[in-house]
Number of protein chains: 2
Amino acid sequence: MASDSTRDLIVRAADELFYQRGFEKTSFADIAEVVGISRGNFYHHFKAKDDILSEVITLRACKTKEMLDMWTRNAKTPADRLRCFAQMLIENRKNIQRYGCPVGTLCSELAKLDHPSQGGAGMIFGQFRSWLREQFEALGRGVDADSLSMHLLARSQGIAALATAFHDETFIRREVELIDTWLDDLKQAPIKSRSRRAS
Amino acid sequence: MASDSTRDLIVRAADELFYQRGFEKTSFADIAEVVGISRGNFYHHFKAKDDILSEVITLRACKTKEMLDMWTRNAKTPADRLRCFAQMLIENRKNIQRYGCPVGTLCSELAKLDHPSQGGAGMIFGQFRSWLREQFEALGRGVDADSLSMHLLARSQGIAALATAFHDETFIRREVELIDTWLDDLKQAPIKSRSRRAS
DNA sequence: GTCTATAGACGGATAGAC
DNA sequence: GTCTATCCGTCTATAGAC
């Protein structure tokens with residue numbers, strides 16, 4: 001994975017550029033310039049731009065798995081693991097304010113392009129969704145674990161979106177704190193997430 | 001605003017295409033084809049693509065104002081008005097699942113392009129933010145009205161982002177119901193939004 | 001004659017593909 | 001390195017209103 005082959009260098013450079021400039025806006029020349037190879041050399045490794053995108057998605061899926069595994073190892077309780085997820089927003093706050101969430105913005109762009117790799121990008125969301133669901137299940141939320149997972153995932157996406165628009169770091173910290181509070185309340189309160197409306 | 005002048009036809013067509021395909025991907029030829037005019041004709045009305053974007057943002061700001069005014073008129077209580085906002089996600093669910101939130105995706109794209117109109121697009125978020133804050137203030141939340149406004153705005157953005165990725169209409173409805181419940185709880189509970197961590 | 005709307009052709013630049 | 005397609009932006013020409 002951390003190989004230094006030209007092919008891997010291309011994928012890693014494309015990964016970064018797709019995030020910072022978007023898929024459509026990133027040209028072969030941009031990637032070649034970063035890697036330090038000629039454009040002609042390119043088609044020796046990838047015959048089309050879409051092929052690079054596929055590999056970038058695979059790379060991101062691998063990095064996501066590594067991160068989730070690390071959280072699973074380092075944090076001992078499900079609640080702490082969920083807090084790791086929320087904390088990610090603070091750790092990556094600079095990039096999020098500039099470029100948004102790497103997964104969310106890629107999915108959004110590919111959706112508008114109606115690109116074949118839409119589903120692949122969405123699977124990275126699926127990785128988070130499954131991992132979060134496992135944590136909520138371990139927290140004794142067997143019934144609505146998936147709903148809670150999607151809810152938390154959505155909150156993180158919303159925070160990223162507004163952080164990009166308003167460039168407000170305080171907002172990120174405040175919302176992450178709200179998530180932590182929500183997780184605390186979740187442990188005490190019984191099943192409450194859906195149900196009941198006052199009307 | 002609802003004029004049929006060629007200029008307005010261009011702006012309205014661009015508005016739709018920017019939403020569906022993205023700003024970068026939409027070409028003059030695309031817009032001209034929809035409007036039914038020649039490309040050469042274009043530059044009599046707009047001398048650059050960025051000028052169209054500016055007008056599209058202005059148009060969207062106007063439409064947003066009209067919508068907010070309508071909610072203010074039609075719903076009598078602040079709580080009902082806030083529910084109108086959440087309900088918007090359900091009403092626009094089809095388009096949201098396909099293209100995401102018009103405001104969020106435009107802001108995200110312009111941020112990656114580092115486009116001069118970034119701020120203009122962000123101002124549409126600002127319209128929602130101000131209007132929501134007014135409702136929370138009217139609800140007796142003078143202190144944290146802006147935080148609550150940003151929180152609700154973020155939730156709506158997160159819902160839109162995941163709805164696009166997973167194409168799940170049930171998820172949208174469930175999350176909107178959660179927002180309604182949250183609004184109900186807000187009326188009863190005193191100031192609770194920030195504060196207190198267990199740790 | 002002047003002004004405006006429209007059309008179409010041209011050129012420079014760039015991107016993707018080979 | 002080249003080839004082709006596309007796109008942005010400019011230029012010129014035409015037609016009608018006033």
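Just so it is clear: chains get the letters A, B, ... in the order the sequence lines come, proteins before strands, and each one is counted from 1.
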* How would you list, by chain and number, every residue that makes a salt bridge (charged side-chain N to carboxylate O under 4.0 Å, His left out) with Lys94(B), sequence neighbours excluded? -> Glu169(B)
* side-chain hydrogen bond (donor to acceptor under 3.5 Å, both in side chains) partners of Glu55(A), counting only residues at least two apart -> Arg7(A)
Using atom names, set out every protein N or O paired with an N or O of nucleotides 11-18 of chain D below 3.5 Å, distance rounded to 0.1 Å.
none

* To do: Report which part of the nucleic acid Ser38(A) touches: base, sugar-phosphate, or nothing (heavy-atom distance under 4.0 Å, all strands).
  => nothing
* **Remaining members of hydrophobic cluster (4.5 Å side-chain criterion), Met123(B)** => none
* **side-chain hydrogen bond (donor to acceptor under 3.5 Å, both in side chains) partners of Glu137(A), counting only residues at least two apart** => none
* Structure fact -> Separation of dT10(D) atom P from Lys47(B) atom NZ, nearest Å, is 9 Å
* Just how far, in rounded Å, is C1' of dG9(D) from NZ of Lys49(B)? -> 13 Å
* Asked: Between Asp184(B) and Arg83(B), is there a salt bridge with N-O shorter than 4.0 Å?
  -> yes
* Quickly work out the Arg39(B) CZ to dG11(C) C1' distance and round it to whole Å. => 12 Å
* Partner set under side-chain hydrogen bond (donor to acceptor under 3.5 Å, both in side chains) for Asp30(B), not counting sequence neighbours -> Arg21(B), Ser27(B)
* To do: Could you check which residues of residues 18-36 of chain A get a heavy atom under 4.0 Å from DNA chain C? Sort them by number, please.
  => Thr26(A), Ser27(A), Phe28(A)
* Could you identify which residues cluster with Tyr99(B), counting Ile, Leu, Val, Met, Phe, Trp and Tyr as linked when any side-chain heavy atoms lie under 4.5 Å apart, either directly or through a chain of such contacts? => Tyr19(B)
* To do: Quick one: list whatever passes side-chain hydrogen bond (donor to acceptor under 3.5 Å, both in side chains) with Thr105(B), sequence neighbours left out.
  => Lys112(A)
